[in-house]
Structures are given as structure tokens and as C-alpha cells.
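Note sheet for the following structure.
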Amino acid sequence: MPHYQAWEEFTRAAEKLYLADPMKVRVVLKYRHCDGNLCIKVTDDVAVSTERAPRASHTSGILQCLLYRTDQAQDVKKIEKFHSQLMRLMVAKESRSAAMETD
């Protein structure tokens, strides 16, 4: 599971994963108060469905699971904006690729 240190790299990889197959992308936000960490994870169905499966099933598809973790308050706004952008794309009826480029 790639853990991204740079926000820009994470957003580019997450957008690419989303645009590849929008119906299979899952986004998870997790906040741990004890650590003060906010984590955003973007996965596809292949990664989620095969994580608990036997090792042999991993050969059927490429696993995609992207992770960005921060404890900085200034990054929360970035994560919130990106998350809302993805949610808008998921419910939009217009072309998803055109909407991602305009934001």
C-alpha cells in the first residue's frame, strides 16, 4: 500500500484511479483522536475484495490502494476540498473527466 508524503502526488494518483473506473472506487476518511492523525484512503474493488482472500487470488488483478496521512491542521482543508470534489463527481450526471479538469 503506497503511503504518499506529497499531497499533489496523492491527488494525481487518486484522480487517475477514479477516472480509470469510477464505479469501483472507494474513499475512506479516518480520524484518530489519540494520535491526532487524519487519513484518507482511496481504493478500488480489487484491493478491497482481495485483501482478506488467499494469496493466490492476488494474481487476478492489480491492487490499488492509495494512502495519505497527516497530523497538520492546514492539510485538513486540502483533504476536505479533495473529498468533496470526489463526492461531487460521483453523483454528477455530466462527464466525469471534464468536471475533474475544471476544478
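We're numbering straight along the sequence, starting at 1. Just so it is clear, the values below take in all heavy atoms, side chains as well, and ignore hydrogens, waters and symmetry mates.
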Any chance you could measure [X], atom [atom1], to [Y], atom [atom2], to the nearest 0.5 Å?
X     : Y     : atom1 : atom2 : value
Leu66 : Glu15 : CG    : CD    : 11.5 Å
Gln85 : Glu80 : CD    : CD    : 13.0 Å
Met23 : Tyr18 : CE    : OH    : 9.0 Å
His3  : Cys39 : NE2   : SG    : 7.5 Å
Lys30 : Leu38 : NZ    : CG    : 11.0 Å
Arg32 : Asp71 : CZ    : CG    : 12.5 Å

Co-membership, hydrophobic cluster, residues Phe10 and Val28, 4.5 Å side-chain: no
Sequence-distant partners of Gln72, side chain to side chain contact (heavy atoms under 4.5 Å, CB included), two or more places apart: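 Gln72 satisfies side chain to side chain contact (heavy atoms under 4.5 Å, CB included) with Thr70, Gln74, Asp75 once adjacent residues are dropped.
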All side chain to side chain contact (heavy atoms under 4.5 Å, CB included) counterparts of Val27, not counting sequence neighbours: Val25, Ile40, Val42, His83, Leu86, Met87, Met90
Lys24 atom NZ, neighbour heavy-atom count above 12 within 6.0 Å: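 Incorrect, the count does not exceed 12.
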Shortest non-hydrogen separation from Gln5 to Tyr68 and the atoms involved: O-CE1, 3.7 Å
